[in-house]
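Shown next, in C-alpha cells, is the structure this report addresses.
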Amino acid sequence: MTETDSPHSILDLLTTRRTVPSRGLGLPGPVRGDIETIVAAALRVPDHGKLAPWRYILVEGDQRDALGAFCLSLREARDGPLDAQIAEKERTAFSFAPSILVAIDRTRDHVKIPRIEQHYSVGASVMNAMLAAHALGFSAQWLTGWAAFDPKVHAHLGLEEGETIAAFLHIGTPQEAPVERPRVSVGDVLTVFGETPA
Ligand SMILES: Cc1cc2nc3c(=O)[nH]c(=O)nc-3n(C[C@H](O)[C@H](O)[C@H](O)COP(=O)(O)O)c2cc1C
C-alpha cells in the first residue's frame with residue numbers, strides 16, 4: 001500500500017486516529033518496504049543534540065510466537081504456574097499483529113542534553129512510527145507491559161547496556177473498526193495566557 005492510496009489527509013489522520021488493540025490486528029501486514037517507510041518517519045523527529053536516542057527491532061513471523069513463549073517462561077519462573085487463561089494470554093501476546101516494532105530507548109547521560117529531552121524524542125519517534133503505519137492504511141497499538149521493563153527480555157532481544165524498551169508497537173490491519181473512546185476536549189487543555197477562561 002502506498003501513502004497515496006490512503007483515505008486519510010494528514011489532519012484527518014492526526015485528529016481521528018485510534019489505537020486498535022493488538023488482538024484486533026491481523027493480515028495483511030506491512031511488507032519490508034512499509035516497515036522501512038515507518039522507520040524513516042520514526043527517525044525524522046526533533047532530536048536535541050542529534051543524539052538519535054532511539055532504534056527499532058522488527059519482530060515478525062515465528063519470532064512473535066517465540067517471544068511470547070519466552071515471556072511466558074519468564075513469568076512462570078517468577079510467579080509459579082499460571083491460570084490457563086492468563087498463560088494463554090501471555091503466550092500469544094505477540095502473536096496477533098503481523099509486525100511488531102520494538103522501539104528501543106537509547107537515552108544516555110550527556111553534558112548538555114538532559115535525559116528527559118532525549119525521552120521526549122523517543123516518544124516523538126514512536127508516535128511518528130505509529131502515524132506512518134496509519135498513513136499506510138494499517139493500525140497500531142503502543143504497548144509496554146512488564147516485558148518492556150524486564151532485563152531478561154532486554155537481553156533476549158539483544159539490547160545493549162543502558163538501553164530499554166519504550167514500546168512494543170504492534171502493527172497490522174484492523175479486523176474491526178475501533179469505537180471512539182472518551183477524550184478530553186481542546187477547551188480542557190488549552191488556555192490563552194492573559195485571557196480569562198469563559
Ligand atoms: C508509553 C505507553 C505505554 C502503553 N502501554 C500500554 C499497555 O501496556 N497496555 C495497554 O493496554 N495500553 C497501553 N498503552 C495505551 C494504548 O497504547 C493506547 O494509548 C490506548 O489504548 C488508547 O488508544 P488511542 O487513544 O490511541 O486510541 C500505552 C500507551 C503509552 C503511551
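Computed from a predicted structure; not experimentally measured. Whatever order the structure lists ligands and atoms in, that order sets their numbers, starting from 1.
Residues Ile57 and Leu101 are not in side-chain contact: their nearest non-hydrogen atoms beyond the backbone lie 4.5 Å or more apart.
The number of heavy-atom neighbours closer than 6.0 Å to CG of Asp83, taken from other residues, nucleotides and ligands shown, is above 12. The number of heavy atoms from other shown groups lying within 6.0 Å of CZ (Arg183) is above 12.
Using a 4.0 Å cut-off to heavy atoms of Arg17, the atoms of ligand 1 that qualify are 26 (O). Shown in contact with Arg183 at under 4.0 Å from a heavy atom are these atoms of ligand 1, numbered in order with element: 24 (P), 25 (O), 27 (O). Close contacts between ligand 1 and Gly145 involve ligand atoms 8 (O) [criterion: under 4.0 Å to a heavy atom].
Defined by atom type and a distance below 3.5 Å, a donor-acceptor pair is present between the side-chain atoms of Trp146 and Glu90.
In this comparison of Val122, Thr19, Leu143, the heavy atom closest to atom 7 (C) of ligand 1 sits on Leu143.
There is no path of hydrophobic side-chain contacts, each under 4.5 Å, that joins Ile104 to Trp142.
Given atom 5 (N) of ligand 1, the protein heavy atom at minimum distance is Thr144 OG1, 3.1 Å. For atom 4 (C) of ligand 1, the closest non-hydrogen atom of the protein is Trp142 O, 3.5 Å. Nearest to atom 22 (C) of ligand 1 among the protein's heavy atoms is Arg181 NE, 3.4 Å.
Every residue two or more places apart in sequence or in another chain was checked for a salt bridge (Lys or Arg N to Asp or Glu O under 4.0 Å) with Arg181, and none qualifies.
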